[in-house]
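Both backbone and side-chain heavy atoms feed into the values below; hydrogens, waters and symmetry mates do not. Here the structure is a predicted model, which is why all the values come from computation and not from measurement.
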Amino acid sequence: MHKGRVLVIEDNIDNMDLVRFLLEQVGYEVLEARDGRTGLELAYQKRPDIILLDMSIPEVDGWKVAHQLKNDPQSKSICIIALTAHILPGDRKKALEAGCDGFISKPLDIPNFTGQVDTYLEEFRKIS
């Protein structure tokens with residue numbers, strides 16, 4: 001069963017491997033980018049259903065990636081979830097203001113992670 005296409009933009013290899021493993025186990029197709037520039041290219045080329053976006057990535061940071069994608073008519077319909085260790089009180093607000101549609105903090109809550117992704121994608125599909 002194919003649940004959808006997920007683009008994971010994450011520069012930490014261990015985090016990428018864990019996220020890919022968890023998502024593939026429940027039926028997602030996973031695309032990977034290790035930096036913001038590559039992430040933007042893949043977002044435009046592959047049109048994922050959802051993007052899991054680390055905010056502290058090289059080349060173009062996650063804040064700018066989210067802002068660019070949400071301000072472009074070609075990509076504004078992609079669900080973007082901040083996947084980040086930035087968990088200070090203002091960080092969630094900052095991520096949402098940048099264009100993210102949701103927020104998942106690291107370290108991941110492994111037993112609930114794929115459920116969180118499912119819920120964000122289902123809710124986003126209802127409103128778009």
If Ile, Leu, Val, Met, Phe, Trp and Tyr residues are connected whenever their side-chain heavy atoms lie under 4.5 Å apart, and connections chain through other members, are [X] and [Y] in the same group?
{"X": "L121", "Y": "I80", "result": "no"}
{"X": "I104", "Y": "I51", "result": "no"}
{"X": "Y28", "Y": "L22", "result": "yes"}
{"X": "Y120", "Y": "L23", "result": "yes"}
{"X": "L53", "Y": "F103", "result": "no"}

Please determine whether a side-chain nitrogen of the Lys or Arg among [X] and [Y] lies less than 4.0 Å from a carboxylate oxygen of the Asp or Glu.
{"X": "E123", "Y": "K126", "value": "yes"}
{"X": "K64", "Y": "E59", "value": "no"}
{"X": "K3", "Y": "D49", "value": "no"}
{"X": "E32", "Y": "R20", "value": "yes"}
{"X": "K94", "Y": "D91", "value": "no"}

Regarding D72 and Y44, is there a side-chain donor-to-acceptor distance under 3.5 Å anywhere?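 Result is yes, a qualifying pair exists.
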Evaluate the side-chain proximity of [Y] to [X]: yes if any heavy-atom separation is below 4.5 Å, no if none is.
{"X": "M55", "Y": "C100", "value": "yes"}
{"X": "E10", "Y": "I57", "value": "no"}
{"X": "V8", "Y": "M16", "value": "yes"}
{"X": "L52", "Y": "V19", "value": "yes"}
{"X": "R47", "Y": "I78", "value": "yes"}
{"X": "R37", "Y": "V65", "value": "no"}
{"X": "D11", "Y": "D54", "value": "yes"}

Does CD1 in I13 sit with more than 12 non-hydrogen atoms of other residues, nucleotides or ligands closer than 6.0 Å?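 Not more than 12 within 6.0 Å, no.
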Mind running side chain to side chain contact (heavy atoms under 4.5 Å, CB included) on L108 and L18 for me, showing each step along the way? CA-CA 9 Å; L108 298 180; L18 175 61; 4.1 Å; yes
Could you grab the distance from atom [atom1] of [X] to atom [atom2] of [Y], nearest 0.5 Å is fine?
{"X": "Q68", "Y": "S75", "atom1": "CD", "atom2": "OG", "answer": "7.0 Å"}
{"X": "K106", "Y": "N15", "atom1": "NZ", "atom2": "CG", "answer": "4.5 Å"}
{"X": "D101", "Y": "I127", "atom1": "CG", "atom2": "CD1", "answer": "6.5 Å"}
{"X": "T114", "Y": "Q25", "atom1": "OG1", "atom2": "CD", "answer": "10.0 Å"}
{"X": "Q116", "Y": "S105", "atom1": "CD", "atom2": "OG", "answer": "7.5 Å"}

Quick one, V6 with E29, criterion side chain to side chain contact (heavy atoms under 4.5 Å, CB included). Give me CA distance, side-chain angles, the key distance, then yes/no. CA-CA 6 Å; V6 180; E29 175 189 351; over 6 Å; no
If only atom types and distance count, is the side chain of T119 paired as donor or acceptor with the main-chain N or O of G115 below 3.5 Å?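 Pair found, side chain donor or acceptor close to backbone of G115.
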Mind checking side-chain hydrogen bond (donor to acceptor under 3.5 Å, both in side chains) for E41 and listing every partner two or more places apart, or none if nothing turns up?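 Residues passing side-chain hydrogen bond (donor to acceptor under 3.5 Å, both in side chains) with E41: none at all.
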Between L42 and A33, what is the shortest heavy-atom contact and its length?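 Taking every non-hydrogen atom into account, CD1-CB, 4.0 Å.
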Among D109, I110, V117, which residue meets the side-chain contact (heavy atoms from CB on, under 4.5 Å) test with F113?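 Considering D109, I110, V117, a side-chain contact (heavy atoms from CB on, under 4.5 Å) with F113 is found only for V117.
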